[in-house]
Amino acid sequence: MLDGFEPGGRGIEALKQRLAQIRAEKPELDPEMLAEVVRAVLTTISDELTAKEAALLQEVEELARTIVVAKTEIAALRVDDITDHDIPFATDELDAIVDHTAQATHAILASCETLDEVAGTISGEPSVKLQDATTRIYEACSFQDITGQRITKIVTTLKTIEGKIAHIIATFGQDMTHQGQRGERPKGAEDDLLNGPQLPEHAMDQSDIDKLLASFE
Amino acid sequence: MAVDKSMNVLIVDDYKTMLRIIRNLLKQIEFNNVEEATDGAEALQKLRGGNFGLVISDWNMAPMTGLQLLQEVRADNRLKSTPFIMITAESKAENVVAAKAAGVSNYIVKPFNAETLKDKIEKVLSHA
């Protein structure tokens, strides 16, 4: 049933108040007669609805309820946190993995190049063994390229999810992003840990730490 | 047929790590004249301005992919017979077919080892 026609609903309450007002203003009116008129009007409205229209009305009501429930559930997911914090944080972390592994790989390659130079200055079995070893290291270092490509795919997927969430927010309205209450985020095991490893742009390096500690002395 | 290892080789990859790895592996098999390009446009510029006996290119690059670079090379009268090896992490049959249709000389799937690289280079250059 529609909200306004529910027993005790706002519509009925307003109608009761209006009837009481009319009774007060025109005490000569028969309350029973007035009630009869109202009942007749309501019955007429009900009779006007065909079975199909009534079913349609019920469907619309059901749809409205589903939308309200969906909005509430999505608000509870804290969608603004997902798009403003969680996904950007995850993509930054993944980018940092690519950068750090690239740096480490270049350091390994530089050492291998030095070993290759040494191999060139000696002869015989030791030289061959040394070069075989560096070849294996070069081959293994190609993991960085493969890892980078895989991570790039994950970042693309996360950005697609971010876009879809933004579309949901746009569809349901911005107001829903504020329905989830701040501070409700469930506390996880990681909350008790330090926040490292930090992203380079947010991190202090050892010299910064040393300076900070020195400032207390 | 003996392979001329003094030829200029152009390696193309947008990952500097891979360029360094391939350059070192080529050096180990005595290809010392190696130039690098980090995208298709730079590669084409170097190819048109130089004299290269072999191109080894990654497929997965932007904005010009390795496949597009290959098509440009094959469409260029002066460059069209340059041996071209494609290296890629994509091992789908349709990619290999597309590369073959575009005129690729050989195809290496990542991750690869030095032996595979050497073997493919020898095969390509012996048919050149």
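Order of the sequence lines sets the chain letters (A, B, ...), proteins ahead of strands, with each chain counted from 1.
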Side-chain atoms of residues 6-15 of chain B: list all donor-acceptor pairs with protein atoms under 3.5 Å, sequence neighbours left out, distances to 0.1 Å.
| from | atom 1 | to | atom 2 | distance (Å) |
| --- | --- | --- | --- | --- |
| B:S6 | OG | B:D4 | OD1 | 2.6 |
| B:N8 | ND2 | B:N51 | O | 2.9 |
| B:D13 | OD1 | B:Y15 | N | 2.8 |

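A distance of 11.0 Å separates CD1 of A:I137 from CG of B:N24, quoted to the nearest 0.5 Å. With values rounded to the nearest 0.5 angstrom, A:R136 atom CZ is found 7.0 Å from B:N113 atom CG. With values rounded to the nearest 0.5 angstrom, A:F143 atom CZ is found 8.5 Å from B:I21 atom CD1. For the atom pair NZ (B:K27) and CD (A:Q131), the distance works out to 10.0 Å, reported to the nearest 0.5 Å. A distance of 8.0 Å separates CD in A:E139 from OG1 in B:T116, rounded to the nearest 0.5 Å.
Heavy atoms closer than 4.5 Å to chain B are found in the side chain of A:T105, but not in its backbone.
By the 6.0 Å contact criterion, CD on B:E42 is enclosed, its count of non-hydrogen atoms from other residues, nucleotides or ligands being greater than 12. Residue B:E94 places its CD atom among more than 12 non-hydrogen atoms of other residues, nucleotides or ligands, all under 6.0 Å distant. Within a 6.0 Å sphere centred on NZ of B:K118, heavy atoms belonging to other residues, nucleotides or ligands number 12 at most.
Across all non-hydrogen atoms, the minimal contact from B:A114 to A:T135 is CB-CG2, 3.3 Å.
Residues A:T134 and B:Q28 meet the side-chain proximity criterion, which asks for heavy atoms closer than 4.5 Å.
Contacts from residues 114-128 of chain A to chain B, taken as heavy-atom pairs separated by less than 4.5 Å, involve A:D116 in sequence order. Listed in order of number, the residues of residues 146-156 of chain A that approach chain B to under 4.5 Å between heavy atoms are A:I146, A:G148, A:Q149, A:T152, A:K153.
Identified under the salt bridge (Lys or Arg N to Asp or Glu O under 4.0 Å) test for residues 159-168 of chain A, with sequence neighbours left out: none.
Taking the charged nitrogens against the carboxylate oxygens, B:R20 and A:E113 do have a contact shorter than 4.0 Å, which makes a salt bridge.
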